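Below is one structure, written out as structure tokens; comments come after it.
All of these numbers come straight from a predicted model, not from anything done at the bench. We name chains A, B, ... by the order of the sequence lines, and we start the count at 1 in each one. Values below: every heavy atom of this structure, side chains too, minus hydrogens, waters and symmetry copies.
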Amino acid sequence: MDIRLINLTKRFGDKTVLDNVNISFAEGRISCLMGPSGRGKTTVANLIMGLIKPDSGTIEGCRGKAIAAVFQEDRLIEHWDAEKNIRLVCDKSVDSEQIREELQKVGINDYKSKAVGSFSGGMCRRVALVRALMARSDIVILDEPFKGLDDAVKMQVIEYLKTKTRGKTVIVITHDRTDAALLNADLITLE
Amino acid sequence: MKKPYIKQIRSFGERLLVIFFWLLVWELISRRINQVIILPSPLMVADALLQLCQTFDFWKAILFSSLRIIGGFGLGLILGTMLAVAAYNFNIIKLLITPLMKLAQAMPVASFIILALIWIKSKNLSVLTSFMMVMPIIYANIYQGLASADEKLLQMARVFRIGRWRRVKAIYLPAIVPHFVAAISVGVGLCWKAGIAAEVIGIPSGSIGQRLYEAKIYLMTKELFAWTAVIIIISIIFERIVMLLLNLVSKKGSKGAANGHTANQPD
């Protein structure tokens, strides 16, 4: 089932961030949600994740579905290593070897020895991405997942993302139109 | 590896010198006054302490008071933690508990001890007193710790449907531990002070408080000083043991939690 936002309105105090918005994200596909800063892209993500409630309108297609996410900030446990951070969201059946392999696919080798607090921004972003993609999920929401990555690493991560999310409904929030092209994604623009 | 070792020896030496300095000041004042009944010298107090150590009653009094004060501390720790968790989860409990905690904090210890003496046997007075001293501090600090848990991490845990125990270990424990450690540190000192005060007022037979009271009545100033030293030593040993246990536990749950926080009073 597609994720459908129907006549959705969200206000923060006097400011109306989303005004009667109608969007549909196709099931099993990658959709890129684009738009200028401050147009409510992250608000859309938070509404779908159920972190905030709309003032009016409905969201269909999320009920009972498992969601995984990369948030605008990495939201990692900083004094834990990468493996421990990922293990926190995984099923018990996932072992260290699997986590190590996934991290190496995005170029992270310091998976156990260092706390992620000592990682660079780009490394934390990749750990957050692996965490989202290793968690059991039907819907994956990625809020600027390539923030802080250089072009070579970004290409590596995009390939990894495409492989790991096959068949899942994925919403990627980005400013970069080329990201949508590289991901073969549907383009949705918040005006 | 050599340098930190030398630093430790130096710091230990400095502390010894400071202690020696104040003992010297005490000795000089004592000589100047030259009245044992007002201020005995450090050597006289040490001698009195040595004499006390050789009696069975001394150890019995320590056991009697320690068991009760530590018991009250333990009860305060358990109930304070339980109430803080309940208040964090249910606002109505927080609303109901807050005035009680404020009352417990504001009430003069002596008033409470005298009141408690009407309700319970003097034998158990120190249990209730140390419990009443510790519980509000533990409550306030655990609540503060829970409330300071990172909201963004809690949202992450909600989205990923992370189970309750994993959530506690990853997010709540690291937030609580620094507050908890500060509360314990304050609570240990307070429970000994208030517990012994309760014993001095209630005079339960065989307690440290009774021995202090008798020392005061019979103007046995050397013994009074010796018992005071004993209370300070037991309090420090107890605090060290609790901190050691806490460090062992917090090492498992979080890193570097046991430093630098000030204990909070209930709000």
Side-chain angles (χ1 to χ4, degrees), chain A residues 42-53 62-92 94 113-118 124-125 127-143 171, chain B residues 1 85 88-91 141-142 144-185 243-262:
Chain A
T42 299
T43 305
V44 167
N46 287 341
L47 284 162
I48 295 170
M49 287 188 278
L51 296 177
I52 51 173
K53 297 241 180 298
C62 299
R63 185 162 290 180
K65 298 268 178 75
I67 299 177
V70 168
F71 299 86
Q72 211 169 29
E73 320 82 13
D74 302 311
R75 302 196 187 187
L76 299 167
I77 313 284
E78 291 204 351
H79 59 273
W80 280 9
D81 59 40
E83 187 199 328
K84 220 172 164 188
N85 266 287
I86 293 166
R87 188 177 291 285
L88 183 68
V89 304
C90 290
D91 293 335
K92 280 180 183 163
V94 175
S113 56
K114 283 185 191 158
V116 293
S118 66
C124 285
R125 209 66 189 146
V127 174
L129 186 76
V130 173
R131 179 179 67 180
L133 300 184
M134 285 197 78
R136 194 178 57 80
S137 65
D138 307 305
I139 300 166
V140 181
I141 298 172
L142 308 169
D143 195 346
I171 301 168
Chain B
M1 287 302 284
V85 173
Y88 177 73
N89 286 299
F90 306 101
N91 196 42
N141 282 275
I142 298 272
Q144 187 87 13
L146 287 168
S148 71
D150 190 329
E151 187 55 39
K152 291 199 156 125
L153 288 180
L154 289 172
Q155 284 183 347
M156 179 275 291
R158 224 166 82 199
V159 170
F160 281 102
R161 303 165 310 283
I162 294 169
R164 181 177 299 180
W165 291 113
R166 279 181 168 189
R167 216 178 282 201
V168 167
K169 195 179 159 195
I171 304 167
Y172 285 114
L173 265 185
I176 289 171
V177 168
H179 295 268
F180 190 60
V181 169
I184 294 273
S185 179
M243 288 300 174
L244 201 75
L245 290 173
L246 260 178
N247 269 336
L248 285 175
V249 175
S250 67
K251 257 184 198 169
K252 278 191 169 185
S254 64
K255 273 185 184 173
N259 49 37
H261 273 251
T262 312

Got more than 12 heavy atoms from elsewhere within 6.0 Å of NZ, A:K65? yes

Checking A:R75 side chain against B:L154 main chain: does a donor-acceptor pair fall under 3.5 Å? no

Taken in chain and number order and not counting sequence neighbours, the residues that satisfy side chain to side chain donor-acceptor pair (under 3.5 Å) with B:S185 are B:E239

A:A66 and B:R161 have their tightest heavy-atom pair at CB-NH2, 3.3 Å

To the nearest 0.5 Å, what is the distance between CG (A:L51) and CE (B:M156)? 11.5 Å

Of all residues at least two apart in sequence or in a different chain, which pass the side chain to side chain donor-acceptor pair (under 3.5 Å) check with A:K114? A:D110

Distance in Å, B:Q155 CD paired with A:E73 CD, rounded so as to fall on 0.5 Å steps: 8.5 Å

Which heavy-atom pair separates A:G50 from B:R158 by the least distance, and what is that distance? O-NH2, 3.1 Å

Turns out that what part of A:L76 lies under 4.5 Å from chain B's heavy atoms comes down to backbone

Please report the shortest heavy-atom distance between A:A69 and B:V159, naming the atom on each side. CB-CG1, 4.2 Å

Decide if atom CZ of A:R136 counts as having more than 12 heavy atoms of other residues, nucleotides or ligands within a radius under 6.0 Å. no

For A:A68, is it the side chain, the backbone, both, or neither that has a heavy atom closer than 4.5 Å to a heavy atom of chain B? both

As an exercise, state the distance from CD1 of A:I77 to NZ of B:K169, rounded to the nearest 0.5 Å. 11.0 Å

